[in-house]
Amino acid sequence: MALLLTAALVAVLGPGRTARAAALPANFQMETVFSGLNMPTNVEFSPDGRVFVAEKSGIVKVFDSLSDTSATVYADLRPQVFNGWDRGLLGMALHPDFPADPRVYVLYTYNGQMGGGYPRWPSSDGTNEQCPTPPGANDSGCVVAGRVSVLSPAVQAQVAQAAAPSEQVLIEDWCQQFSSHSIGTLAFGEDGQLYVGGGDGAGFQYADYGQKDNACGDPPRPAGTPLTAPSAEGGALRSQDMRTPADPTTLDGAIIRVNPDTGAASAGNPVTTGDANARRVIAYGLRNPYRFTIRPGTNEIWAGDVGYNSWEEINRVTEPFTAPRNFGWPCYEGTGRTAGYDGADLALCENLYAAGAGAVVPPYFTYKHDAAVVPGESCTAGSSSSSGTAFYAGNLYPSQYRGALFFADYSRKCVWAMKPGTNGLPDKTKIETFSAGQGGMVELQAGPNGDLFGVDILGDRIVRFVYHGVNNPPVAAFTPDVTSGPAPLTVQFDGTTSSDADGDVPLTYAWDLDGDGAFDDSAAARPSHTYTAAGRYTVGLRVTDTRGAADTATTTITAGSTPPVATITSPAAGTTWKVGDRIAFTGTGTDGEDGALSGDALKWQTIMHHCPSNCHTHTITGHSGAGGEFAAPDHEHPSWIELRLTVTDSDGLTDTKSVELHPKTSNVTLASNPAGIPLTLLEHRQAAPFTGTVITGSTVSISAPTQTQYVAGRLYEFTGWSDGGTAAHNITVNGDVTLTANYRLKTNLALKRPVKVSSYQQAGTEGPKAVDGSLTTRWSSKASSPQWIEIDLGSSRQVGYVLLRWEAAFGKAYRIQTSTGGGVWTTVHTRTNGDGGIDVAPFTPRQARWVRVYGTERGTQWGYSLWEFEIYDR
């Protein structure tokens, strides 16, 4: 099950802008532009050279240029932003006329319910919001909303230069009960209108249709009243809200087009009646359209929709916007039905299935979670989450990339290029792996000169993909034997790990060892230097190849100080947990110079590792100080929790320790009576009995089909689960459990009813022999066509199923017809390739008193011969 967005912070590059060797096409390099950020989510470029970066916590920073090394805070929205799990400040855009129109647009998870104040869920440190248990992030959920706001700079004639920008809320919607599938992207089209996308706000560990408290008040029941199948319209079904105009429309799982001045629906939107939200929507039926881009020169949207259990999608919303486009979630994932939602027999999905494939827009491109995007690539398969889309419209990259769609997957840590075909559109047959194993990209963005930029939330940095023509610059890299210690401190450096992809060697070395910014201290490959005075020194190495191309790497040496030591005193390694367990943690930080560390010098992170194959991570929340407590959250198996402590001394040196906390598990066995009926556990559907493993304490969804089931030549109908639950319901698993879905034989409406036939072969093969309940007697017709057998049900009944048990002489072509009288027959089922045995013929339920089989072509030289002709309701 692929999710976005948060991830554990990792130690990465120092303050310098440094190229790094990457699995990229020839003559491309990925360079770090800005580092030292705190979980960045967006980057936007102003024509005046400024660069805006959004951080997940709610801070917007601005750099004066791409060469600026120190950002200033443009806006601090942390009080109103919910920053936890996959929620936070996730979208940002500059007005198309920026900086003449200096408005900055932001899209964030609001730390409050719609129309309510903030903070609904306070944090102890003002940055990391907690969802306490109860209600539990993935149990009953901490309900919040989403916001689109516009930030305008303060009027400088009236306020101080450092005054914060003002915030105007344009839209407040997107009820979000659970921790993922929050809001996502803001982008301006060529038409100057603002396009906004948001997820369904539903649970991700089971088929969520509002059965857990219905916290968002979805129909047909009020908030706080759990919904049941088939009438439920909550949870992920909010993505289908446009199909239920009788109740208010939400924006969950939709892409909208709005006026950037007012937030109201844009002129020319496809819906002109109904409520304000319905008029905003141009696409819906999406799970989490976290990142989308607009194709240059158009208003056409290309959206990456984060998948569920099986498929990642790229969806195309084409112009003109004549009708809202339905992409099918949660009834469909990829091009197929979604097992958990299909199995629950939800009316919204069943009606969509009945409307046929044309009722939904298929994805433009899909890739399966357990398959490579490009055969033979090094990108890992399994865990997947679409996390970035951008078109290349520049002139510096090779011509085959012009017009290409680049798309990223955070979980796989890869970027691909879908190069254009002959029609100029991205061609699904022309995909290449562009970058493999390079950080966790959560946005791709075209920047100055058209270069592609990436937002690496794993590396706390903004990167740039640069093309160097026919000469790849070298890649500077070096290692010091120590990075800190008491003064005087002697450090041995080794620059021989620097390389050049073109083989333009030998490389020449120039070192800045004393941190004065001048590369004039050594030309050796392995110099040493002694730092006599305490301080922090930025050491740099510049390497140059034989054709004059150069690259620089930097690191920091701290003399006169030693790193602190982090110690996690509890919980102990090997501690196991079940959902809801309260886990207390304590730790210490000590430093040779500072002594015992306390307060903000100790930072904790609680990180969920989700490992369906390869792992991806979700930072649940953070804490400061010597200890605290958290409740183990519900999550899909297999998953485990990392508790991470980082301590920082007064010189900025750090130490990090982690402890792995693995869950207890339980087995859920689903059985059916009779055996062999397909049941659904979460998103796994299989003929029963079968067993699945879940985290102990988890809430999971199960469902049994309510439609007639055909097993071993008999028809059955559902009577109930062994736990007394409805056909589709949730269970909480506190230990190994076996549940049985019980069925009973359906009533054969034709049994011993009056019969008319067109003919019979001989005595003992008359029509009533086909409805006497015996499999040793039969009706057989004359050896000619057509022939028919007709059953009188005695009164008008609902019918929807016919079962024909043929003797050796069978009908190859026949029609099943019904009548309510007057000699008028309606064909409800046609077969032209019958092959004998048992034919099961379902059809749309209808009222009928008479049902007949009308044979038009025999399958043998003999007539038509039936052991039994059975009729059932649906």
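The model shown is predicted, which means the values in this text are computed figures rather than measured ones. If you read the sequence from its start, that first residue is 1, and numbering goes on from there.
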Do Arg287 and Asp305 pass the salt bridge (charged side-chain N to carboxylate O under 4.0 Å, His left out) test, and can you show the C-alpha distance, the side-chain angles, and the key distance before you say yes or no? CA-CA 6 Å; Arg287 183 174 186 255; Asp305 197 17; over 6 Å; no
Between Arg464 and Gly447 (side chain of the first, backbone of the second, donor and acceptor by atom type, cut-off under 3.5 Å), is there such a pair? no
Decide whether Gln240 and Asn326 meet the rule of one side-chain donor and one side-chain acceptor closer than 3.5 Å. yes
Kindly state each residue pair satisfying salt bridge (Lys or Arg N to Asp or Glu O under 4.0 Å) with at least one member in residues 104-121, sequence neighbours excluded. none
Tell me whether the centres of the aromatic rings in Tyr308 and Trp329 are closer together than 6.0 Å. yes
Starting from the C-alpha separation in whole Å, work towards a yes-or-no answer on side-chain contact (heavy atoms from CB on, under 4.5 Å) for Leu77 and Val106. CA-CA 10 Å; Leu77 305 175; Val106 289; 4.0 Å; yes
Please check if any side-chain donor atom of Asn614 sits under 3.5 Å from a side-chain acceptor atom of Thr380, or the reverse. yes
Can you find a heavy atom in the side chain of Ile256 that is under 4.5 Å from one in the side chain of Ile171? yes
Which residues share a side-chain contact (heavy atoms from CB on, under 4.5 Å) with Ala265, sequence neighbours left out: Asn269, Arg279, Arg280
Side chains of Thr318 and Glu300: any donor to acceptor distance under 3.5 Å? no
Does the separation of the ring centres of Phe34 and Phe63 fall below 6.0 angstrom? yes
Between Ser386 and Glu312, does any side-chain donor sit less than 3.5 Å from a side-chain acceptor? no
Indicate whether the side chain of Arg78 and that of Thr127 have a donor and an acceptor atom separated by less than 3.5 Å. yes
Is it true that Tyr74 and Phe52 have ring centroids separated by less than 6.0 Å? yes
Distance (rounded to the nearest 0.5 Å) between Glu31 CD and Phe453 CZ: 9.0 Å
Under 3.5 Å side-chain donor-acceptor pair for Thr646 and Lys603: no
Closest heavy-atom contact between Pro330 and Leu237? CG-CD2, 3.6 Å
Between Gly58 and Val81 the two heavy atoms that sit nearest each other are CA-CG2, 4.0 Å
Judged by atom type as modelled, is there a donor-acceptor pair below 3.5 Å linking the side chain of Lys56 to the main-chain atoms of Arg87? yes
Determine whether a donor-acceptor pair (N or O, by modelled atom type, separation under 3.5 Å) exists between the side chain of Thr617 and the backbone of Met608. no
Which atom pairs, donor and acceptor, lie under 3.5 Å between side-chain atoms of residues 94-102 and protein residues at least two apart or in another chain?
residue : atom : partner : partner atom : Å
His95   : ND1  : Asp97   : N            : 3.0
His95   : NE2  : Asp101  : OD2          : 3.4
His95   : NE2  : Arg103  : NH2          : 3.4
Asp101  : OD1  : Arg103  : N            : 3.4
Asp101  : OD1  : Arg103  : NE           : 3.0
Asp101  : OD2  : Arg103  : NE           : 3.4
Asp101  : OD2  : Arg103  : NH2          : 2.9

About how many Å separate CG of Leu170 and CG of Asp261, when rounded to the nearest 0.5 Å? 8.5 Å
Looking only at side chains, do Ser152 and Ser166 share a donor and an acceptor under 3.5 Å apart? no
Quick check against the 3.5 Å criterion: does Thr619 have a side-chain atom that pairs as donor or acceptor with the backbone of Thr621? no
Does the gap between the ring centers of Phe406 and Phe465 come in under 6.0 Å? no
Would you kindly say whether Tyr410 and Glu443 are connected by a side-chain donor-acceptor distance under 3.5 Å? no
Quick one: do Asn138 and Phe204 satisfy side-chain contact (heavy atoms from CB on, under 4.5 Å)? Show the steps, please. CA-CA 8 Å; Asn138 297 319; Phe204 55 80; 3.6 Å; yes
Any side-chain to backbone donor/acceptor pair from Trp302 onto Thr293? Under 3.5 Å, distance only. no
Salt bridge (charged side-chain N to carboxylate O under 4.0 Å, His left out) for Arg238 and Asp200? Distances and angles first, verdict last. CA-CA 6 Å; Arg238 285 192 293 272; Asp200 62 15; 6.0 Å; no
Apply the test side-chain contact (heavy atoms from CB on, under 4.5 Å) to residues Ile59 and Val73: give CA-CA distance (whole Å), side-chain angles for both, the deciding distance (0.1 Å), then the verdict. CA-CA 7 Å; Ile59 292 177; Val73 173; 4.1 Å; yes
Can you check whether Met418's main-chain N or O pairs, donor with acceptor, with Glu432's side chain at less than 3.5 Å? no
Check the side chains of Gln80 and Glu167 for a donor-acceptor pair under 3.5 angstrom, ignoring hydrogens and angles. yes
What pairs meet the salt bridge (Lys or Arg N to Asp or Glu O under 4.0 Å) rule with one or both residues in residues 186-199, with sequence neighbours excluded? Asp191-Arg257
Does Asp241 use its side chain to pair, donor to acceptor, with the backbone of Thr250 at less than 3.5 Å? yes
Any side-chain heavy-atom pair from Ser65 and Val51 closer than 4.5 angstrom? no
Partner residues of Phe407 under the ring-ring contact (aromatic ring centres under 6.0 Å, His included) criterion, sequence neighbours left out: Phe365, Trp416
Would you say the side chains of Ser387 and Arg291 form a donor-acceptor pair under 3.5 Å? no
Only pairs at least two apart or in different chains count here, so list each salt bridge (Lys or Arg N to Asp or Glu O under 4.0 Å) that has a residue in residues 168-182. Arg147-Glu172
Do Glu313 and Thr366 have a side chain donor and acceptor closer than 3.5 Å? no
Between Ser385 and Ser411: side-chain donor-acceptor atoms closer than 3.5 Å: yes
side-chain contact (heavy atoms from CB on, under 4.5 Å) evaluation trace for Gln445 with Glu44: CA-CA 8 Å; Gln445 186 70 266; Glu44 295 291 332; 3.0 Å; yes
Please check this pair: side chain of Asn83 against backbone of Glu129, looking for a donor-acceptor N/O pair closer than 3.5 Å. no
Between Pro289 and Thr185, is any pair of side-chain heavy atoms under 4.5 Å apart? no
Closest heavy-atom pair, Trp121 versus Cys142, reported as atoms and distance to 0.1 Å, is CE2-CB, 3.4 Å
If the plane angle is over 60° it's perpendicular, under 30° parallel, otherwise tilted; pick one for His618 and His635. tilted
Value for CZ (Phe391) from CD1 (Ile294), rounded to nearest 0.5 Å, stands at 10.5 Å
Can you check whether Phe82's main-chain N or O pairs, donor with acceptor, with Asn111's side chain at less than 3.5 Å? no
When you compare the side chains of Asp409 and Tyr367, does any donor N or O come within less than 3.5 Å of an acceptor on the partner? yes
Is it the case that the side chains of Asn128 and Ser123 hold a donor-acceptor pair, with the cut-off being a distance below 3.5 Å and no angle test? no
Can you label the angle between the Tyr397 ring and the Tyr392 ring as parallel, tilted or perpendicular, going by 30° and 60°? parallel
Does the Asn42 side chain pair with the main chain of Met92, one donor and one acceptor, at a distance under 3.5 Å? yes
Going by atom types only, do His616 and Ser383 share a side-chain donor-acceptor pair under 3.5 Å? yes
Using 30° and 60° as the class limits, which term best fits the ring planes of Tyr105 and Phe188: parallel, tilted or perpendicular? perpendicular
